[in-house]
*Asks:* 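Okay, handing you the structure first.
To find a chain, count down the sequence lines: A is the first, B the second, and so on, and within it residues start at 1. All values below were derived from every heavy atom in this structure, side-chain atoms included, with hydrogens, water molecules and symmetry-related copies excluded. Everything numeric here is computed off the predicted structure, so don't read it as measured data.
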There are 2 protein chains.
Amino acid sequence: MVKRVTLDDIAQSVGVSKTLVSLVLNGKGQQYGISKQTCDRVVAAAMELDYRPNQAARSLRTGKTGTIGLLVSDISNVFYAQLARIFEDLATAKGYNVFICSTDENVVKERRLATMLSSRQVDGLVVSTSERDAEWLMAVRDGGTPLVLIDRHLGPDALDAVVAANRGGGAMLARHLLEQGFTRPLVLGLSTSHISSVAERIEGFVEEFKRERIACTLRNIGFNTLQYDVGNLLANLQTLSVIPDCLFAVNNNLATAVLSTFRAKGIKNFKKMGLVCFDDLPYFSIIKPTITAVEQPVGEMCNLAFDLLQQQIDGSRVKASSNIFELPVKLNIRESTQKKSKNK
Amino acid sequence: MVKRVTLDDIAQSVGVSKTLVSLVLNGKGQQYGISKQTCDRVVAAAMELDYRPNQAARSLRTGKTGTIGLLVSDISNVFYAQLARIFEDLATAKGYNVFICSTDENVVKERRLATMLSSRQVDGLVVSTSERDAEWLMAVRDGGTPLVLIDRHLGPDALDAVVAANRGGGAMLARHLLEQGFTRPLVLGLSTSHISSVAERIEGFVEEFKRERIACTLRNIGFNTLQYDVGNLLANLQTLSVIPDCLFAVNNNLATAVLSTFRAKGIKNFKKMGLVCFDDLPYFSIIKPTITAVEQPVGEMCNLAFDLLQQQIDGSRVKASSNIFELPVKLNIRESTQKKSKNK
DNA sequence: CTGAAAGCGCTTACAG
DNA sequence: CTGAAAGCGCTTACAG
């Protein structure tokens with residue numbers, strides 16, 4: 001193992017104290033009135049020796065690590081991969097590096113990861129939580145780790161949270177289906193139904209149909225048996241008391257499971273079935289028919305979440321009346337909701 | 001800001017030295033013959049006070065941080081998102097947390113990120129590099145940061161590298177196209193043509209056609225203007241000296257750009273065009289026609305890369321004759337390569 | 001303008 | 001069985 005270059009090495013090579021070197025390298029040369037010449041020699045030596053400060057030492061001293069933890073349910077899910085990328089760019093631009101962790105919607109995993117990261121002294125945590133209430137995470141925050149929720153909230157008086165207009169988006173999809181003449185919706189929800197985003201998407205959707213005195217059929221799909229459950233459900237539609245004429249997939253994975261089931265069973269039987277999805281994917285505008293979907297404002301969500309975190313970190317965050325920030329979504333109307341025939 | 005619990009706090013609360021507390025908490029109680037009773041009291045106090053060791057301090061002392069850096073070109077690219085997820089699971093299981101960073105195939109960014117991470121004293125680096133040669137990265141490794149390449153190598157005598165059988169996969173696709181009667185291939189490559197994976201996929205493909213005395217047309221697509229370039233190219237196929245009857249997309253983004261161009265221009269004109277892709281995506285088996293693709297052994301690649309890194313970390317890595325490890329790929333034959341009609 | 005010294009919270013010989 | 005002490009590499013009052 002090679003010995004790394006330290007402040008002392010530079011100090012010796014230049015013939016000054018390491019105090020001076022530290023000051024200069026941290027850009028405080030001016031402020032402390034260190035002569036331009038000395039500064040230059042120090043900087044030159046640092047370059048020469050390829051000095052890179054030991055972050056662990058610096059962190060120990062300053063209490064800051066320049067790291068952020070991002071907890072999502074699954075980094076390989078397209079939505080979170082996109083979110084992670086945007087967040088990474090924001091963070092890197094400010095000199096942070098980010099730990100990205102997947103929780104699989106599992107509170108135990110989530111807590112273990114949060115604990116690990118807070119033990120690593122991350123300067124902040126952004127989490128798409130699977131918790132049912134805010135208690136545990138509030139303790140983390142109150143223990144000194146700035147924390148903001150993303151994509152899901154835990155109530156208006158708890159933690160700062162940045163979410164999409166889930167209820168509104170659900171309603172948009174419902175209204176659009178109604179306008180197209182669909183009257184027998186089947187909602188594909190998730191077994192993790194306590195998660196605010198999932199719950200609100202469904203509520204918004206169901207309420208809108210209710211106004212027209214139409215009741216939605218709801219089926220919750222297992223998070224880990226998604227493809228299997230969806231396949232089963234779609235194969236047995238005739239057993240439902242109301243045979244649906246359209247489907248609402250509550251997230252992108254569900255829509256993909258639906259489409260791949262359609263594919264496997266021969267798409268013809270489903271020609272007339274409307275389909276909408278909460279989450280937009282690149283391939284939704286490639287496939288035939290193209291899929292009507294709600295697009296989330298991922299960029300804006302990341303921006304705001306990062307802002308809030310920054311504010312918590314530097315202590316400038318002022319309490320607002322509500323700390324849930326809801327950002328508008330966009331409805332992308334495509335072919336999957338064009339009614340082919342007026343079937344009673 | 002809340003004061004965090006330290007070893008000293010525990011020591012005082014139990015009435016022993018912090019040496020003892022440290023020993024016990026690190027599971028060396030037995031080894032140092034500390035009485036069971038004392039151990040229990042220490043552990044109880046640690047629980048009670050919710051003690052979490054300050055990693056920065058520990059790292060400073062031990063030189064280990066328990067962190068790994070993963071550099072890929074873009075975490076929002078499905079292939080890397082998947083790779084990152086698998087790698088994360090392996091790392092987390094061993095108590096590591098991983099920094100995931102995107103380089104955008106940009107060497108400058110890549111070097112900046114690698115420098116940041118090595119300054120954070122990561123225990124190791126796994127990188128899907130955009131470098132043209134191994135020099136710079138070898139310096140990093142020789143500077144004390146264990147490092148293994150993934151997905152791309154930099155020559156057989158340089159750095160440990162785990163890659164897919166890119167040349168072999170390219171050849172498989174070519175052979176399959178030939179068997180299906182395609183004779184005028186257009187290869188969609190990338191402007192980053194120095195990258196080993198891209199180069200080898202194309203070489204393997206081209207060589208196979210060459211055996212049949214067929215020359216491939218090759219066009220390199222800009223990494224940042226992908227959709228635009230592909231659109232342009234496909235709109236002007238008639239200007240090529242040989243009008244192609246099949247396309248080879250060298251990675252998944254290219255294939256998606258092709259499909260979305262087909263879609264935009266009305267897929268009918270392209271009905272007879274064969275299409276193959278290096279990289280498989282979930283939607284390839286949903287879309288119509290389904291897409292023939294080569295599937296990479298992501299799981300195995302991650303496993304091996306992690307293993308090699310671990311070996312470098314604990315110093316047990318022995319030099320092999322070559323340090324490029326090539327893992328077999330799988331050809332998934334689907335509808336996009338079924339010739340509809342024998343056109344001359 | 002510059003340096004000696006303390007201290008961040010750990011781990012680990014060393015001494016008893 | 002247990003504790004005092006050194007030291008990892010920084011930053012930052014403090015003193016001159």
*Asks:* Using a strict 4.0 Å threshold on nitrogen-to-oxygen distance, state whether A/Asp123 and A/Lys94 make a salt bridge.
*Replies:*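 Looking at A/Lys94 together with A/Asp123, the answer is no, because their closest N to O distance does not fall below 4.0 Å.
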*Asks:* Assign A/Asp8 to base, sugar-phosphate, or nothing according to its heavy-atom contacts below 4.0 angstrom with the strands shown.
*Replies:*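 Since no nucleic acid heavy atom lies under 4.0 Å of A/Asp8, the category is nothing.
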*Asks:* Give the nucleotide from the list D/dT12, C/dG3, D/dT2 with an atom nearest to the side chain of A/Ser22.
*Replies:*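 For A/Ser22, the side-chain atoms sit closest to D/dT12.
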*Asks:* Hey, where does DNA chain C pair up into stems, meaning at least three consecutive Watson-Crick or G-U pairs with distances under 3.5 Å?
*Replies:*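 DNA chain C forms these stems: C:1-3 with D:14-16, C:5-12 with D:5-12, C:14-16 with D:1-3.
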*Asks:* Check the distance between D/dG9's P and A/Gln55's CD and give it to me in whole angstrom.
*Replies:*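 Taking atom P of D/dG9 as the reference, CD of A/Gln55 is at 14 Å.
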*Asks:* Could you say whether A/Ile34 or A/Arg61 is positioned toward the 5' end of DNA chain C, judged by the nucleotide with the nearest heavy atom to each?
*Replies:*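 Nearest nucleotide further toward 5': that of A/Ile34.
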*Asks:* Would you indicate what A/Leu7 reaches in the nucleic acid, counting non-hydrogen atoms under 4.0 angstrom: base, sugar-phosphate, or nothing?
*Replies:*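 Touches a base.
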*Asks:* Treating B/Arg152 as the side-chain partner and B/Ala161 as the backbone partner, does any N or O pair qualify as donor plus acceptor under 3.5 Å?
*Replies:*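 Looks like no, no N/O pair under 3.5 Å.
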*Asks:* Identify whether any heavy atom of B/Thr38 sits under 4.0 Å from a base atom; if not, whether one sits that close to sugar-phosphate; answer base, sugar-phosphate or nothing.
*Replies:*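 B/Thr38: backbone/sugar contact only, no base atoms under 4.0 Å.
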*Asks:* Of the nucleotides C/dA5, C/dT2, C/dT12, which one has an atom closest to the side chain of B/Lys28?
*Replies:*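 Closest of the options to the side chain of B/Lys28: C/dT12.
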*Asks:* For C/dC10 and B/Tyr51 - does any side-chain N or O of the residue sit under 4.0 Å from the phosphate oxygens OP1/OP2?
*Replies:*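 Affirmative; the distance criterion is met.
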*Asks:* Any side-chain donor-acceptor pair under 3.5 Å between B/Arg4 and B/Asn54?
*Replies:*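 There is no such pair between these side chains.
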*Asks:* Specify the separation, in whole Å, of atom CZ of A/Arg4 and atom P of D/dC10.
*Replies:*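 Going from CZ in A/Arg4 over to P in D/dC10 covers 11 Å.
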*Asks:* Just say parallel, tilted or perpendicular for the rings of B/Phe99 and A/Phe99, cut-offs at 30° and 60°.
*Replies:*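 Parallel, since the angle between the ring planes stays under 30°.
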*Asks:* Can you check whether B/Ile34's main-chain N or O pairs, donor with acceptor, with B/Thr38's side chain at less than 3.5 Å?
*Replies:*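 Checking the backbone N and O of B/Ile34 against the side chain of B/Thr38, no donor-acceptor pair under 3.5 Å is found.
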*Asks:* If only atom types and distance count, is the side chain of B/Ser22 paired as donor or acceptor with the main-chain N or O of B/Lys18 below 3.5 Å?
*Replies:*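 No; zero donor-acceptor contacts below 3.5 Å.
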*Asks:* Choosing from D/dT11, C/dT2, C/dG9, which nucleotide comes nearest the side chain of B/Asn54?
*Replies:*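 My answer, after comparing the listed nucleotides, is C/dG9.
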*Asks:* Which nucleotide sits closest to the side chain of B/Ala57: C/dG9, D/dT12, D/dG3?
*Replies:*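 Output: C/dG9.
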*Asks:* Enumerate the residues from residues 9-18 of chain B whose closest heavy atom to DNA chain C is under 4.0 Å, giving them by residue number; use none for an empty result.
*Replies:*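 Only B/Lys18 qualify.
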*Asks:* Please report the distance separating the P of D/dT12 from the corresponding atom of C/dC1, rounded so that it comes out in whole Å.
*Replies:*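 22 Å, rounded to whole Å.
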*Asks:* Given the C1' atoms of C/dG3 and D/dC10, what is the spacing between them in whole Å?
*Replies:*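 About 16 Å, rounded to a whole number of Å.
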*Asks:* Answer with base, sugar-phosphate or nothing: what part of the nucleic acid does A/Thr19 contact at a heavy-atom distance below 4.0 Å?
*Replies:*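 A/Thr19: base contact, heavy atoms under 4.0 Å.
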*Asks:* Closer to the 5' end of DNA chain D via nearest nucleotide, is it B/Leu60 or B/Leu23?
*Replies:*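 On the 5' side of the pair lies B/Leu23.
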*Asks:* Distance check needed: D/dG9 C1' versus B/Arg58 CZ, whole Å only.
*Replies:*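 Atom-to-atom, B/Arg58 to D/dG9, this comes out as 18 Å.
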